[in-house]
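Scroll down for the structure; my scribbles are underneath it.
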Amino acid sequence: MSQKKIAIVTGASSGIGKLLAKELPAKYKIDELWLIARSEERLFALGEELPVPVRIFALDLTKRESPDAVRAQLAEENPDVRILINASGYGKFERFDRIGEEDAAGMVDLNCRGLTLMMYAVLPWCGEGSIIVNIASVAAFQPVPFGAEYAATKAYVLALSRAVNLELRPKKVRVLAVCPYWTKTAFFDRANKQSVITHFDCMYDPAFIVKKTFAAMKRKRDYVVPGFVAKATHALTKLLPHSLVMRVFWAQQKFNRQK
Ligand SMILES: NC(=O)c1ccc[n+]([C@@H]2O[C@H](COP(=O)([O-])OP(=O)(O)OC[C@H]3O[C@@H](n4cnc5c(N)ncnc54)[C@H](OP(=O)(O)O)[C@@H]3O)[C@@H](O)[C@H]2O)c1
């Protein structure tokens, strides 16, 4: 019997991950879609809308043991993992000393460790032509005051993705980092609860990010920066000293700068 072809999407309950999961079956021939996030109800609701069988994993990927549940299922079914999309992630915009211990650890646990362990868990089941898509951010290209830790986690995602993409070339497995600019999702309900970031020069539609992600998956790039404003920002972070870029960002916000 031929191996079942599957795709796995983390962060499938909301925003960019949910839209990617929704559109995946029309873009790729897969037998099953595995959906991961904490909100089981929302994953089941999404599953109802999809034209392929789904498997729901209600997992908190900040927990060290969560990727093991996926790995155990993979070992049992021995599928061909065609696609892994790591879209689970969150940010908290706040001065670092006010961020709180849970979020100070949580962003690293989810955006870095959870993502890394998901990559590691699926790789034995990836073959020629498989692709891992990691949602990073334009924040990966520069230090971001008041989003310092979030930006640092995304710099990790970008660097990891690009280097592993090269390492896995002999196996013909690709890794693609997607670097969106501000995108209109529930991300900000959690990230900007304290309204620390006050200036948004541009807000992309998640459908646009998803369209550009699918396009980049077909090309041989190791990262993509979707949209003109995002690309311009990326170019400026290459041309200008980061100390200046940081100060411009700082000056644009009406931050609470008290001690
Ligand atoms: N929106 C932006 O401006 C923007 C810009 C650049 C990059 N990004 C990145 O894009 C990715 C998707 O974010 P989004 O904008 O689509 O935001 P979103 O709508 O808030 O989606 C975040 C997803 O992550 C999941 N998640 C959060 N905590 C989790 C945990 N502990 N374990 C497992 N899953 C968890 C959420 O599901 P549950 O809550 O159900 O667990 C949700 O499905 C993130 O990596 C984000 O950093 C966003």
Side-chain angles (χ1 to χ4, degrees), residues 4-22 24 30 32-47 50 52-92 99-126 130-137 149-150 152-161 164 168 173 175-178 185-187 189-191:
K4 185 163 65 179
K5 291 184 192 310
I6 69 161
I8 304 176
V9 182
T10 78
S13 65
S14 171
I16 296 169
K18 181 179 177 181
L19 263 186
L20 282 164
K22 257 184 161 175
L24 241 171
I30 46 162
E32 207 169 279
L33 188 49
W34 292 13
L35 306 174
I36 303 174
R38 291 167 306 173
S39 321
E40 193 169 23
E41 248 176 62
R42 281 195 261 152
L43 294 180
F44 273 113
L46 172 62
L50 295 173
V52 291
V54 298
R55 196 171 290 248
I56 304 297
F57 293 83
L59 295 173
D60 181 344
L61 290 174
T62 61
K63 304 258 182 292
R64 169 69 181 83
E65 65 279 9
S66 286
D68 294 343
V70 181
R71 195 199 302 263
Q73 201 65 41
L74 289 168
E76 201 169 295
E77 302 198 13
N78 192 31
D80 174 5
V81 179
R82 297 279 79 211
I83 300 167
L84 165 66
I85 296 178
N86 270 314
S88 277
Y90 85 102
K92 180 102 183 187
I99 231 163
E101 203 173 293
E102 202 180 317
D103 286 318
M107 275 182 271
V108 174
D109 290 345
L110 182 62
N111 302 359
C112 300
R113 191 178 60 183
L115 173 140
T116 306
L117 289 178
M118 279 305 300
M119 288 172 72
Y120 200 70
V122 303
L123 270 174
W125 287 274
C126 290
S130 297
I131 180 164
I132 295 173
V133 179
N134 291 329
I135 309 297
S137 167
E149 190 182 349
Y150 175 70
T153 66
K154 293 302 183 176
Y156 169 90
V157 174
L158 178 65
L160 179 81
S161 304
V164 175
L168 295 180
V173 174
V175 184
L176 169 71
V178 180
T185 67
F187 174 84
D189 300 346
R190 192 171 180 188

Heavy atoms only: give me the nearest Leu43-Ala37 pair and the separation to one decimal.
CD1-N, 3.5 Å

Are Glu32 and Arg55 ion-paired here, with the side-chain N under 4.0 Å from a carboxylate O?
yes

Which atom of Gly15 lies closest to which atom of Thr185, heavy atoms considered:
CA-CG2, 3.9 Å

Within the 4.5 Å heavy-atom criterion, are Tyr156 and Val108 side-chain neighbours or not?
no

Check: Val175 and Leu160 side chains under 4.5 Å, non-hydrogen atoms
no

Note, Leu74 side chain near Trp34 side chain (heavy atom, < 4.5 Å)
yes

If you look at every heavy atom in Pro67 and Ala121, which pair is closest and at what distance?
O-CB, 4.3 Å

Tell me the closest heavy-atom pair linking Leu35 and Ala21, and the distance in Å.
CD2-CB, 3.9 Å

In the structure I gave you, are the side-chain heavy atoms of Ile132 and Val164 within less than 4.5 Å of one another anywhere?
no

Under a 3.5 Å distance rule, please check whether Arg113 uses its side chain to pair with a backbone N or O of Thr62 as donor and acceptor.
yes

Looking at side-chain heavy atoms only, is the closest gap between Leu61 and Asn86 below 4.5 Å?
no

Take a 6.0 Å sphere around CD of Glu101 and say whether it holds more than 12 heavy atoms from other residues, nucleotides or ligands.
no

Test side chain to side chain donor-acceptor pair (under 3.5 Å) applied to Lys22 - qualifying residues, sequence neighbours left out
Glu49

Does the Asn111 side chain pair with the main chain of Tyr90, one donor and one acceptor, at a distance under 3.5 Å?
yes

Distance check, rounded to the nearest 0.5 Å: Leu110 atom CG versus Lys63 atom NZ?
11.0 Å

Can you tell me if CD on Glu77 sees more than 12 non-hydrogen neighbours from other groups inside 6.0 Å?
yes

Tell me if a side-chain donor or acceptor on Ser130 pairs with a main-chain N or O of Val173 at a distance below 3.5 Å.
no

Start with the C-alpha distance between Val133 and Leu20, add both sets of side-chain angles, then the distance that settles side chain to side chain contact (heavy atoms under 4.5 Å, CB included), and finish with yes or no.
CA-CA 11 Å; Val133 179; Leu20 282 164; 5.7 Å; no

Mind listing the closest non-hydrogen atom pair of Ala136 and Tyr150 along with its distance?
O-OH, 4.5 Å

Quick check: do Ile16 and Val178 have side-chain heavy atoms less than 4.5 Å from each other?
no

Val157 side chain near Ser161 side chain, heavy-atom distance below 4.5 Å:
yes

I'd like to know whether Thr153 forms a side chain to side chain contact (heavy atoms under 4.5 Å, CB included) with Leu115, so could you lay out the CA-CA distance, the side-chain angles of the two residues, the decisive distance to 0.1 Å, and finally the verdict.
CA-CA 11 Å; Thr153 66; Leu115 173 140; over 6 Å; no

Can you find a heavy atom in the side chain of Arg64 that is under 4.5 Å from one in the side chain of Leu117?
yes

Got a donor-acceptor contact below 3.5 angstrom from the Lys154 side chain to the Ile135 backbone?
yes

